[in-house]
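Every chain is numbered from 1, with letters handed out A, B, ... down the list of sequences.
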2 protein chains.
Amino acid sequence: MYVTSPVDYFENAQPIPPTWSEDVAAEFSCVTTIHTGHSLFCEGDDADFVYKIIEGVVRTSKVLMDGRRQVMAFGYPGDIVGLSHDGLYHSDCDAIDEVKVRIYRKNTFNMSFDEEPDFCGQMLRHAATEMNDMQEHFMMLGRKNALERVASFLVVLLDRVGEKHDCTTCFDIPMSRSDIADFLGLTIETISRSLTKLRKDGVIDLPNPHRVCICKTSALRDLGENDL
Amino acid sequence: MYVTSPVDYFENAQPIPPTWSEDVAAEFSCVTTIHTGHSLFCEGDDADFVYKIIEGVVRTSKVLMDGRRQVMAFGYPGDIVGLSHDGLYHSDCDAIDEVKVRIYRKNTFNMSFDEEPDFCGQMLRHAATEMNDMQEHFMMLGRKNALERVASFLVVLLDRVGEKHDCTTCFDIPMSRSDIADFLGLTIETISRSLTKLRKDGVIDLPNPHRVCICKTSALRDLGENDL
DNA sequence: CGTCTATTTGAGTTAGCTCAACCGTCGTGG
DNA sequence: CCACGACGGTTGAGCTAACTCAAATAGACG
């Protein structure tokens, strides 16, 4: 099931000491870089690690036997990926660009919280936040049309990574059209056509295929009808 | 924003004592019944409680301004609903049939875990399980066709509440066609047609609209292509 | 400069939607 | 007791948004 080996960053793992506090936590985690296109983990692997994104963007996805793929989420800096309920990963996770992550050994906190209860609390808060995002995602996949989905997607990115320049807000889109399509449950052609329509309507500008500038923020928000 | 009042079950709430252990937990939670069609909570309400389903089935859903609705999940006995990341509920939750729940005061464990760390662990495990279910749900909404979605849905119910009788496994479907449609991102007509097709193909039997018997389990599983 | 890959654009097809009719069950009231 | 209307589910017919397939375009890279 392995595409690339996701665990060889952790060869010199230290033994786990009896107590664990915030400032020694660093000893039980390590920072590493995953190169563009490489996997953090694959579906079916033992879920031994949890990853916190420091830099770059990852993609978590699942594939059906016939190759149909659904992208669950894009993980941006601050996001946590790799939580499992049964000790196995149930999705693939790949680096979309050059990604720096902090890797935590699962057994130091996950499923056994004796050492540091607050880490569990942080984890739960994070899970609750992610579940909320997932509910927004359900709304898109189940009930919004193509243009609304693309608009919603752009609004989420706008609020998360938009850089305000005078009247427009711009940001990079590190993922391919194919990634966006598989995230939104559409095809690359429909993504392209929707972006073109938004551009022709003057809502956005596309300096290049991997960068967007939002010209009419409120129009985009109206289209996306995102919560909050 | 209220449809029905979801909080009047908790009029005689007790003050929170300083310590909290498993056997006194009952004091900080209470069991109550929510009647068919009534709400446990609504989007926008203060998320003061978390609910564990004891009996019956609940539906969590979101609606867009124009009335389009997406059902996020059906909560069966053992499931927990009402987790929030920011102190507000972001979905509606309603009783599909007569529902018995245990209501926990959020502040006794959620977001402040000083008293009982293990409750947080249970919560996190539950959240991880639910996130896994949600990922299956994404696959359905984004990448499966109507028949596959209905088959997947039936397989999940089959594994969860199926009662095996000789060669077939049967279970009740407490939710309406409209609920199923809004869960699967389809219309009631498409649900009906898909069920009829499965019946005509001999995969299932429908003694009445709210009960299914699975005749060809493996055929249904093949169609649904569920993970695990 | 040519090849490769990602994206955009165009044209025709189709799965699922919309709208409408129909059917069975249930509760209500004359 | 039965007629009636309301409601939930099923079935049919036509429509349309998004898909599929195909071609054109544009960068990126050796």
Side-chain angles (χ1 to χ4, degrees), chain A residues 36-37 57 59 64 66-71 94 96-98 140-154 172-201 203-212 223, chain B residues 36-37 57 59 64 66-71 94 96-97 140-154 172-201 204-212 223:
Chain A
T36 307
V57 183
R59 161 188 12 99
L64 294 178
D66 59 8
R68 280 176 289 177
R69 185 180 70 153
Q70 177 64 42
V71 172
D94 309 276
I96 272 181
D97 51 13
E98 211 69 2
M140 290 201 318
L141 292 180
R143 288 295 174 228
K144 288 184 184 175
N145 66 30
L147 200 62
E148 290 169 336
R149 291 184 207 194
V150 172
S152 297
F153 174 69
L154 293 178
D172 289 320
I173 305 183
M175 57 291 279
S176 68
R177 295 293 185 267
S178 172
D179 288 336
I180 301 172
D182 289 345
F183 181 72
L184 298 179
L186 299 167
T187 59
I188 51 171
E189 294 93 335
T190 301
I191 302 299
S192 188
R193 280 186 248 272
S194 301
L195 288 172
T196 300
K197 169 149 180 59
L198 289 174
R199 184 174 53 71
K200 286 186 176 165
D201 291 352
V203 179
I204 64 172
D205 190 26
L206 296 162
N208 71 64
H210 287 281
R211 188 162 180 83
V212 196
L223 260 173
Chain B
T36 306
V57 183
R59 170 198 351 109
L64 293 178
D66 59 9
R68 282 176 287 177
R69 186 180 69 153
Q70 177 64 41
V71 172
D94 310 276
I96 272 181
D97 51 13
M140 292 200 317
L141 293 180
R143 287 298 174 224
K144 288 184 184 175
N145 66 30
L147 200 62
E148 291 169 335
R149 291 184 206 194
V150 172
S152 296
F153 174 69
L154 292 177
D172 289 320
I173 304 183
M175 58 290 279
S176 67
R177 295 292 185 266
S178 172
D179 289 336
I180 301 172
D182 289 345
F183 181 72
L184 297 179
L186 300 168
T187 59
I188 51 170
E189 294 92 335
T190 301
I191 302 299
S192 189
R193 281 186 248 273
S194 300
L195 288 171
T196 301
K197 170 150 179 59
L198 289 174
R199 184 174 53 70
K200 285 186 176 165
D201 292 351
I204 64 172
D205 190 28
L206 297 161
N208 70 64
H210 287 281
R211 189 163 178 81
V212 195
L223 259 174

(request) Quickly work out the A/Asn208 CG to C/dT8 P distance and round it to whole Å. (result) 10 Å
(request) For C/dC17, take OP1 and OP2 only and decide whether either is under 4.0 Å from a side-chain N or O of B/Thr190. (result) yes
(request) Compare every heavy atom of A/Asp182 with every heavy atom of A/Arg69, then report the nearest pair and how far apart it is. (result) NE-OD2, 2.6 Å
(request) May I ask you to test the B/Val150-B/Lys197 pair for a side-chain heavy-atom distance under 4.5 Å? (result) no
(message) Ignoring hydrogens, what is the shortest heavy-atom contact between A/Ile173 and A/Leu154? Give both atom names and the distance.
(response) CD1-CD2, 4.3 Å
(message) Could you tell me how far apart B/Leu186 (CG) and C/dG16 (C1') are, to the nearest whole angstrom?
(response) 8 Å
(request) Give the nucleotide from the list C/dG16, C/dT7, C/dC19 with an atom nearest to the side chain of B/Glu189. (result) C/dC19
(message) Is there a side-chain contact between A/His210 and the phosphate of C/dT7, meaning an N or O under 4.0 Å from OP1 or OP2?
(response) yes
(message) On a heavy-atom basis, which atom in A/Ala181 and which in A/Thr187 lie closest, and how many Å separate them?
(response) CB-C, 3.5 Å
(request) Quickly work out the B/Arg143 CZ to C/dG16 P distance and round it to whole Å. (result) 13 Å
(message) Can you give me the closest heavy-atom contact between B/Arg149 and B/Lys144, atom names plus distance?
(response) NE-O, 2.8 Å
(request) Measure the distance from CG on B/Leu184 to C1' on C/dG16 and round it to the nearest whole Å. (result) 13 Å
(request) Take the protein atom CZ of B/Arg68 and the nucleotide atom P of C/dC17, then report the distance between them rounded to whole Å. (result) 13 Å
(request) State, to 0.1 Å, how close A/Thr190 and A/Ala146 come at their nearest heavy-atom pair, and which atoms those are. (result) CG2-CB, 3.5 Å
(request) May I ask you to verify if any side-chain N or O of A/Thr196 is less than 4.0 angstrom from the OP1 or OP2 atom of C/dT9? (result) yes
(request) Select base, sugar-phosphate, or nothing to describe what B/Asn145 touches, counting heavy atoms under 4.0 Å on all strands. (result) sugar-phosphate
(request) Look at all strands and tell whether A/Ser192 reaches a base, only sugar-phosphate, or nothing, counting heavy atoms closer than 4.0 Å. (result) base
(request) Calculate the interatomic distance between A/Met175 atom CE and C/dT7 atom P; express it in whole Å. (result) 12 Å
(request) Quickly work out the A/Leu206 CG to C/dT7 P distance and round it to whole Å. (result) 12 Å
(request) Output yes when at least one side-chain N/O atom of B/Thr187 is less than 4.0 Å from OP1 or OP2 of C/dC17, else no. (result) yes
(request) Ignoring the backbone of A/Arg193, work out which of C/dA11, C/dT8, C/dA20 is nearest its side chain. (result) C/dA11
(request) Could you tell me which non-hydrogen atom of A/Gln70 sits nearest to which non-hydrogen atom of A/Phe183, and how far apart they are? (result) NE2-O, 3.2 Å
(request) Using the heavy-atom set of chain B and a strict 4.0 Å cut-off, write down the first and last nucleotide of DNA chain D that makes it in, 5' to 3'. (result) D/dG9 to D/dA13
(request) Return the value, rounded to whole Å, for the distance between atom CG of B/Leu147 and atom P of C/dG16. (result) 9 Å
